[in-house]
Amino acid sequence: MLRIGVDLGGTKIEALALDREGREVFRRRIPTPRADYAATIAAVSSLVREIGEGSVGVGIPGALSRVTGRVKNANSTWLIGRPLKEDLEKALKRPVRLENDANCFALSEAVDGAGKGARVVFGVILGTGVGGGIAVDGKVVAGVNAIAGEWGHNPLPLPSGPDLPLPACYCGRSGCIETYLSGPGLARDHEAETGERLAAAEIASLGKESLSRYEERLARSLAGVINVLDPDLIVLGGGMSNVARLYTEVPRLWSRYVFSDRVATRLARPVHGDSSGVRGAAWLWERVE
Ligand SMILES: [Zn+2]
């Protein structure tokens, strides 16, 4: 039987099917019917039906509330408050597993990516937002509030100098890690310090001083994660994961903030790149008959 994975993003819906050995046997990408919930359900269902029989896992930019079973924390706002899992199950007439997309990313890299063979994997998204997910022994740790791994809205540790004043975050707080470590966060910081407006990718490729500040902030922030979770591996995803320097500089910098004589945690590039979300959604069914 096939494992079907769907990545329900804000701009595109991607579906793939993995065979028993984890080989990809189908893949298709369509634009998301933005702001139209009924059309979104119909689009996901028709993609899955096109593939046929199989288990269905869906990754979303948000989570299901443990209280209401409805979508929360989603930047695809037309999904918020909707019983998405229930509606997909009704449309597809089979059980559906639904997970946060950063959790799917962590799972994909844990099962057969950068974290293959590692017990505890922390997957980090450094993109337009900052998210994260935890996989232990090849399973997602979702948490009692469905927010496990959401380090992006922790405050940046030890803010001083150019970290101040604390930038306001859309979540209502100030100084969130996301306001520094997202792509737009890097661009904002660079502009505040230099007056120069550049995209995050340009700043990274120029190796500007702003990138050094970014690395230092990432090291401080990840040290907090290491102290709590002590993962074997931290794998980076999202646009900033393409910046090669991070993989050498950040582990060099994080030691001074980690409560240990030595840090064995590895910082790795993703193996599956952009496909990690959709692969992880498929792996939400760890066993299929
Ligand atoms: Zn925030």
Side-chain angles (χ1 to χ4, degrees), residues 8-11 59-68 70-81 99-106 122-134 140-193 197 199-200 203-204 210-211 213-229 231 234-241 243 246 250 254 257 277:
L8 173 45
T11 54
I60 61 164
L64 283 189
S65 161
R66 292 275 192 258
V67 183
T68 62
R70 290 163 186 260
V71 176
K72 66 171 182 178
N73 298 355
N75 52 14
S76 303
T77 48
W78 65 98
L79 301 179
I80 291 176
E99 254 316 330
N100 172 261
D101 50 9
N103 293 356
C104 291
F105 166 72
F122 185 58
V124 170
I125 304 292
L126 299 172
T128 47
V130 173
I134 299 167
V140 168
V141 176
V144 72
N145 301 299
I147 56 163
E150 289 294 351
W151 69 312
H153 296 276
N154 284 353
L156 180 78
L158 293 171
S160 70
D163 302 336
L164 300 170
L166 300 178
C169 183
Y170 75 88
C171 76
R173 285 175 284 262
S174 293
C176 290
I177 284 170
E178 175 167 306
T179 63
Y180 299 95
L181 298 184
S182 63
L186 172 59
R188 175 200 55 77
D189 177 70
H190 182 75
E191 190 179 355
E193 290 299 312
R197 290 187 83 151
I203 299 165
S210 311
L211 184 60
R213 280 196 303 281
Y214 183 93
E215 288 161 350
E216 219 283 324
R217 288 162 177 159
L218 182 55
R220 257 185 274 159
S221 303
L222 287 177
V225 172
I226 296 172
N227 280 346
V228 173
L229 184 64
I234 297 176
V235 54
L236 301 184
M240 291 301 293
S241 71
V243 181
L246 301 184
V250 173
W254 69 23
Y257 302 110

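Order of appearance sets the numbers: ligands from 1, and atoms from 1 within every ligand. Bear in mind that the values here come from a model prediction, so they are computed numbers and not experimental data.
- Residues V124 and L181 are not in side-chain contact: their nearest non-hydrogen atoms beyond the backbone lie 4.5 Å or more apart.
- R220 is listed as a side-chain neighbour of D163, based on a closest heavy-atom distance under 4.5 Å.
- Between E150 and N100 the shortest side-chain heavy-atom distance falls below 4.5 Å.
- When side chains are defined from C-beta on, V243 does not count as touching L236, because their heavy atoms never get closer than 4.5 Å.
- Excluding waters, the count of protein N/O/S atoms less than 2.8 Å from the Zn ion (ligand 1) comes to 4.
- The two residues D189 and S210 have their closest heavy-atom pair at OD2-CB, 4.3 Å.
- Legend: residues meeting side-chain contact (heavy atoms from CB on, under 4.5 Å) with I125, ordered by chain and number and at least two apart, are A102, F105.
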